[in-house]
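Input: a single structure, listed below in structure tokens.
Every chain is numbered from 1, with letters handed out A, B, ... down the list of sequences.
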2 protein chains.
Amino acid sequence: MKQQVTVYDIAEEAQVSVATVSRVLNGSAPVSRTTRAKIEAIMHKHQFQPNAVARSLTKRETGIIGVILPDITNPFFPEVFSGIEQEGLASGHTFFLCNTLGDYGRESHFLNLMREKRVDGILFMGGRVNLRSCDPALARELAEHARSIPLVLVNGDVKDAGLTRVATDEAAGTTLAVRHLIGLGHTRIGFLGGARHMSTTAVKVRSFRRTMKEAGLAVRDAWTIPGGFSADAGREQMNRLLSLRDLPTAVCCVNDFTAIGAIKTAAEHGLNVPSDMSVVGFDDILLARHVIPELTTVSQQAGELGRTAVRVLRELMGGAAARKLTPLEPRLIVRQSTAAPGGQGD
Amino acid sequence: MKQQVTVYDIAEEAQVSVATVSRVLNGSAPVSRTTRAKIEAIMHKHQFQPNAVARSLTKRETGIIGVILPDITNPFFPEVFSGIEQEGLASGHTFFLCNTLGDYGRESHFLNLMREKRVDGILFMGGRVNLRSCDPALARELAEHARSIPLVLVNGDVKDAGLTRVATDEAAGTTLAVRHLIGLGHTRIGFLGGARHMSTTAVKVRSFRRTMKEAGLAVRDAWTIPGGFSADAGREQMNRLLSLRDLPTAVCCVNDFTAIGAIKTAAEHGLNVPSDMSVVGFDDILLARHVIPELTTVSQQAGELGRTAVRVLRELMGGAAARKLTPLEPRLIVRQSTAAPGGQGD
DNA sequence: CTGAAAGCGCTAACAC
DNA sequence: GTGTTAGCGCTTTCAG
């Protein structure tokens, strides 16, 4: 690999000092037209690329934003990341992406790595911050890092850690979904998927119950079936549901994956979605409008979530004290997987 | 943000020189048990994190691998990236991820950015390297970068640029799909999706034709319909196909997205997949086994592709001359979207 | 086994 | 406008 040229080489060839070269590089101070031209020509000739590592060392900033998330393979996250990148690029930021697979050890590892690498800020998603009650040691570790590096939690929370957050209002989203079903005439509604120890599930289930009660409808515990977030989990949950004597006419799913799995199993049992059973998802992943039937779901506006997160992080990096919580309003997307009970509609 | 502690602080407190501190940090030279213990204690006490930026500057290596890809929102890439990360983590590497959206300008931009940031190596996917004939200037730019930074092309090629590549054998994969269809008894087979100016499409179409001819079957030009890689594109292609008087009994699709779109449109037209029309995809994205019907497809083994790419890049970074092309064998995954024509099977 | 000192490539006072 | 010089925080000879 050939040797890179430095400001010294440029300075020497242009017969000026490195300071002047640095000035034209950054426009940090006036330089005469002629010397500037000469220096620029030489830079161009050598295809000079200033060493960002050296620059970072002196400026004490790397222009890197660390992004910690559970699993880029889950289609929700690529969309968030896209938003992040789009917004971050505008301010010249660059990204260091890590998948934790929800493993707390990896989370800690990456957090430390990011400190070593001197990232300018961290966007943290998933894992411990989605827990209903996060181990105090893990919470403390996160808060500790947040004291030395601007950090924003995306769609998560850690009680009493005082962290800056941007998050979709999942309770509102769930309410939207339930009301939609009620509006179609459903009175017998279930809730599929999730895990009780995760706050995201807890929030959704709580909102589900509240909305049902507000509408004067009964909540049947047997129809609230947790068990995970994957499509396979959704299949199993629907299987369990269908083993009951008495069935609901509609279900809310914790996310689109489980919804897709649930629909599949329902179909295998000879049920027609939506006429025999309405299903609504959550997230609005890209494929939601391509499956059969097209999925009615709640959009978290993943891209917007990412963009907002970067904006908030930027405030923090700029030294401003951002508001503690920036909420994002979810939206109901009505497609084909929901209809009036008994198929009277659609 | 509080001030970070440096080797000097540690050295001072331990009453040794920074060199010694550095030695215990890296185990680069013997240090007496007692001073080592003392230093380690102090490091621990201050939660000392060596500054990776400074270290990179002296060592002339950052431990960062740049990953350039078209669109992380396309489910194929997250899986490749997962593989990359998994393999790279093992050697202590870290990742700088960029989405080009297939835009050559952005590709150039990121390539330059990566040079400035002094990444140790680059994994390049998509965009110009998938072109049937890449603009010489773009090809030259890539080759130029490859001369100063280890670079491997993943699933792409640039003629005569002499770049190191790792790639799925797409021709073999297509042959697998076509033979599967022929084996089921199909003789009237079409090919949907892709773009003629992209080499990946060209390779697949060519292999499709060859395999058909080898089996003594006719290739009908009207049944080869390009038009893109998205699910929407797949819908439109199937629409066009169904407008013909004479229909095939099966189609190969350029990827899973188009296959899913094609199936959807076929269903809307009252056709049953697979009994009226068999459909095979390509890539085996995660959702392929969750759609209805489950998709028969060709797996590129995306994760393995990523891992292999890192291994090859590592050889290059180690100064070794890796083999020019490391091929990956695709695998046929038979599921529900294919059956004998007329529905005799399945 | 340990210390002094010279970089790595760039920026930013501070002079002139 | 431009040059000199002292860092940024770490590694690495070279002595001892």
Query raised in the report: Quick one: B:Arg118 CZ to D:dC10 P, roughly how many Å, whole number?
Result: 21 Å
**Report entry** Euclidean distance, atom OH of residue A:Tyr8 to atom P of D:dT4 [Å, nearest integer]
**Finding:** 11 Å
Query raised in the report: Does OP1 or OP2 of D:dT11 have a side-chain N or O of B:Asn26 closer than 4.0 Å?
Result: yes
Report task. Would you classify B:Thr35 as touching base, sugar-phosphate or nothing, given that sugar-phosphate means primed atoms plus P, OP1 and OP2, and contacts are heavy atoms under 4.0 Å? Result -> sugar-phosphate
Query raised in the report: Within the structure shown, what part of the strands sits under 4.0 Å from A:Thr20 by heavy-atom distance: base, sugar-phosphate, or nothing?
Result: sugar-phosphate
Query - A:Glu13 with A:Lys38: basic N within carboxylate O range, under 4.0 Å - result: no
Query - Position toward the 5' end of DNA chain C (nearest nucleotide), B:Val18 or A:Ser28 - result: B:Val18
Report task. For the side chain of A:Ser17, starting at C-beta, report the closest nucleotide among D:dG3, D:dT5, D:dC10. Result -> D:dG3
Query - Residues A:Arg33 and A:Glu40 bridged, charged N to O under 4.0 Å - result: no
Requested in this report: Flag the pair B:Asp135 and B:Arg128 as a salt bridge only when some basic side-chain nitrogen lies within less than 4.0 angstrom of an acidic carboxylate oxygen.
Outcome: no
Requested in this report: Return the value, rounded to whole Å, for the distance between atom CZ of A:Arg36 and atom P of D:dG1.
Outcome: 10 Å
Report summary line: The reported gap from NE2 in B:His46 to CD in B:Gln4 (rounded to nearest 0.5 angstrom) is 12.5 Å
Requested in this report: Spell out, as yes or no, whether a donor-acceptor pair under 3.5 Å connects the side chain of B:Arg106 to the backbone of B:Asn99.
Outcome: yes
Query - Outermost DNA chain C nucleotides near chain B [under 4.0 Å, heavy atoms] - result: C:dC1 to C:dG9
Query raised in the report: Taking atom P of D:dC10 as reference, at what distance in whole Å does atom CG of B:Leu57 sit?
Result: 12 Å
Query raised in the report: Contact class for B:Val16 (heavy atom, under 4.0 Å): base, sugar-phosphate, or nothing?
Result: sugar-phosphate
Query raised in the report: Any donor and acceptor pair, going by atom type alone, linking the side chain of A:Asp120 with main-chain N or O of A:Thr62 inside 3.5 Å?
Result: yes
Query - Minimum-distance nucleotide (side-chain atoms of A:Thr58 versus D:dC8, D:dT2, D:dT11) - result: D:dC8
Query raised in the report: Which pair of heavy atoms, one from A:Arg118 and one from B:Pro50, lies closest together, and at what distance?
Result: NH1-O, 3.9 Å
Query raised in the report: Under 4.0 angstrom, heavy atoms only, what part of the nucleic acid is A:Arg60 near: base, sugar-phosphate, or nothing?
Result: sugar-phosphate
Query - Between D:dG9 (C1') and B:His46 (NE2): distance, integer Å - result: 16 Å
